[in-house]
Amino acid sequence: MEKQEWGFKENHELHAAASFTIRNILEAIMGNIDETATGKPMIHLGHGDPSVYPCFKPSPVLEEALVQSIQSTQFNGYPAGVGIIPARRAIAEYLTRDLPYELTADDVFLTAGANHAIEVVLTFLSRPGANILFPRPNYPIYEARARFSPLEVRHFDLLPEKGWEVDLDGVKALADENTVAIVLINPGNPCGNVFTIDHMRKIAELARELRILVIADEVYAHQVFGQKPFIPMGVFGDIAPVVTLGSLSKRWIIPGWRFGWIAISDPNGILRKTGLAETIKSTLVIAADPPTVIQGAIPYIMKNTPDSFFLNINKILKGASDMFYERLKEIPFVACPHKPEGSMFAMVKLKLQAFDDVADDTDFCMKLAKEESMILFPGYAVGMKNWVRVSFAAEPNVLQDAIVRLKAFCLRHAKQQ
């Protein structure tokens, strides 16, 4: 008998996963903007891409490196599945600067950006019955990708009253014999926090006690501007094995290049003894690669990007963070419980009971976009309902205008006394 319907159909599970991505959420909010109606140009503080602003211009070294890579004609073919050796060696040497032991090219695996690295990690850890511990709040891509994994996701809290530290007692209560790993994001996205070395040591010791892997998302490594220095989690790889995710995107201000890495910090060799290191390789062999021509540029970039470039970016971020945090105090019905110390984000709490006609954080962001042509990221998408995530990585005049618009919006929607 002939089939009456086509054998394929819409994938609603895929739609549900995509709904958790930053892109889809921001597109929905941007759909409310009408710059002609408001008479105001759009201010986008909803994502972590400051490359549009002149003050965040990348170093000329990047252009030089890419031109040299192209002109060499040596990087036009397919790379090895885990990346070309010179690029992996350059990343290993770069990471080794901050570690008490040496990484080699064999400890580094190249990815098409950090989001790809997250996908790879969730793939190589997957097995039926296993669970993984995610922070709350969290970077949304982890949640979206986990929907396509057999891993059960369990959430531990980051504590705003303690500078967004990990709730260690909560982690211990969540973990069981089927827990495979804990994910940490430091410097924090979305919170802008930086962990202390003592707190990181406690996390590593707890991971050893629980016999679980530490996934250290360090995409914002070294982008710190408070009192706490950045300490890579790999420093504690001798306590518990650490898999670090990194990227050129943020520190070098080139998110569009989509170049990242996975690095093993495991001086005791646990990941090789258990076969997980080989599993990472197998996962990457059947995955996408970062463009070979960009891989070819990496050794030059790592060797020649001046420290002055990084210092200037951090100086700009500190100025923006200081101004945003202080000016936010002028706005009624919103509060930032912890001054940002790293990355380019802050979490801001909404005092919903003070608003007359704002239902929740999504409604807040939608109406703000419509009335003020201004975009913030709703907290529900990072696991914190009735909060918003704000990127302060913008030109000073843009941030000043954003504060003015946000204050006007909050006053306009305040309950009448």
Side-chain angles (χ1 to χ4, degrees), residues 22 25-26 29-30 32-35 37-56 137 160 164 188-193 223 225-226 313-358 360-379 381-382 384 386-415:
I22 292 175
I25 293 168
L26 290 177
I29 294 171
M30 290 174 68
N32 289 271
I33 288 182
D34 185 343
E35 293 174 296
T38 64
K40 301 173 182 178
M42 182 178 72
I43 294 178
H44 201 325
L45 303 183
H47 58 41
D49 182 1
S51 63
V52 297
Y53 298 111
C55 67
F56 288 98
W164 299 105
N189 177 8
C191 303
N193 60 301
Q223 283 188 317
F225 35 82
I313 293 297
N314 282 2
K315 180 180 178 181
I316 294 170
L317 288 171
K318 175 175 171 51
S321 170
D322 289 348
M323 189 271 281
F324 170 78
Y325 183 75
E326 291 303 321
R327 290 291 309 276
L328 194 72
K329 296 175 183 177
E330 303 171 10
I331 303 176
F333 320 133
V334 298
C336 182
H338 182 73
K339 184 178 181 179
E341 304 167 285
S343 76
M344 52 186 69
F345 300 109
M347 286 295 288
V348 176
K349 189 172 185 178
L350 306 177
K351 300 177 183 177
L352 276 186
Q353 69 276 13
F355 292 103
D356 184 43
D357 57 350
V358 175
D360 54 27
D361 54 299
T362 301
D363 191 36
F364 183 95
C365 291
M366 293 291 191
K367 288 176 176 173
L368 181 66
K370 183 177 181 179
E371 297 176 23
E372 298 290 343
S373 297
M374 179 173 162
I375 299 174
L376 302 181
F377 194 71
V382 300
M384 296 288 280
N386 298 330
W387 293 63
V388 291
R389 186 191 75 168
V390 182
S391 171
F392 48 79
E395 297 277 1
N397 62 308
V398 174
L399 273 183
Q400 295 280 8
D401 191 8
I403 291 292
V404 170
R405 295 191 199 183
L406 186 59
K407 184 175 183 178
F409 176 84
C410 289
L411 290 173
R412 189 184 311 125
H413 288 272
K415 286 181 178 178

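How far SG of C365 is from CE of M30: 13.5 Å, rounded to the nearest 0.5 Å. Summarising the geometry, atom OH belonging to Y325 is positioned 7.5 Å from atom NZ belonging to K339; distances are rounded to the nearest 0.5 Å. Between the OG atom in S321 and the CD1 atom in I316 there is a gap of 13.5 Å [rounded to 0.5 Å]. Considering CE of M366 and CD1 of I375, their distance stands at 10.5 Å, rounded to 0.5 Å. How far CG of D34 is from CE of M42: 12.5 Å, rounded to the nearest 0.5 Å.
What you find for P340 and F225 is that their closest heavy atoms are O-CE1, 3.6 Å. Closest non-hydrogen pair, I43 versus A402, comes out as CD1-N, 3.7 Å. The nearest pair of heavy atoms linking Y53 to A393 is CE1-O, 3.4 Å. What you find for R327 and V404 is that their closest heavy atoms are NH2-CG2, 4.4 Å. The two atoms that bring I313 and C55 nearest to each other are CD1-O, 4.5 Å, heavy atoms only. Between A394 and L45 the shortest heavy-atom distance is CB-CD2, 4.1 Å.
Shown here is K40, whose NZ atom has more than 12 heavy atoms of other residues, nucleotides or ligands within 6.0 Å.
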Step-by-step side-chain contact (heavy atoms from CB on, under 4.5 Å) determination, F56 to L317 | CA-CA 10 Å; F56 288 98; L317 288 171; 3.9 Å; yes
Please walk me through it: do I403 and F324 pass side-chain contact (heavy atoms from CB on, under 4.5 Å)?
-> CA-CA 8 Å; I403 291 292; F324 170 78; 4.1 Å; yes
Step by step, work out the side-chain contact (heavy atoms from CB on, under 4.5 Å) result for Q400 and M323.
-> CA-CA 8 Å; Q400 295 280 8; M323 189 271 281; 3.9 Å; yes
Assess whether side-chain contact (heavy atoms from CB on, under 4.5 Å) is satisfied between I29 and L368, documenting all intermediate values.
-> CA-CA 9 Å; I29 294 171; L368 181 66; over 6 Å; no
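A search for side-chain hydrogen bond (donor to acceptor under 3.5 Å, both in side chains) contacts involving K407 returns nothing, not counting sequence neighbours.
At least one donor-acceptor pair under 3.5 Å links the side chain of R389 to the backbone N or O of G46. Of the possible donor and acceptor atoms, one in the side chain of R405 sits under 3.5 Å from a partner among the backbone N and O of E372. Side-chain N or O atoms of N386 include one that pairs as donor or acceptor with a backbone N or O of D361 at under 3.5 Å.
Aromatic ring centres of F364 and F409 lie closer together than 6.0 Å.
Among L411, L328, D401, V390, the one residue that satisfies the side chain to side chain contact (heavy atoms under 4.5 Å, CB included) test with L406 is L328.
Contact of the F377 side chain with the S391 side chain is not registered, since no non-hydrogen atoms from C-beta on lie closer than 4.5 Å. P337 has its side chain within reach of W387: a pair of non-hydrogen atoms, C-beta onward, lies under 4.5 Å apart. Contact check for L26 versus H44: side-chain heavy atoms found under the 4.5 Å cut-off. The side-chain heavy atoms of T38 and K370, taken from C-beta on, include no pair separated by under 4.5 Å.
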Show which side-chain atoms of residues 343-354 pair as donor or acceptor with protein atoms under 3.5 Å away, not counting sequence neighbours.
{"from": "S343", "atom 1": "OG", "to": "G188", "atom 2": "O", "distance (Å)": "2.8"}
{"from": "S343", "atom 1": "OG", "to": "F345", "atom 2": "N", "distance (Å)": "3.4"}

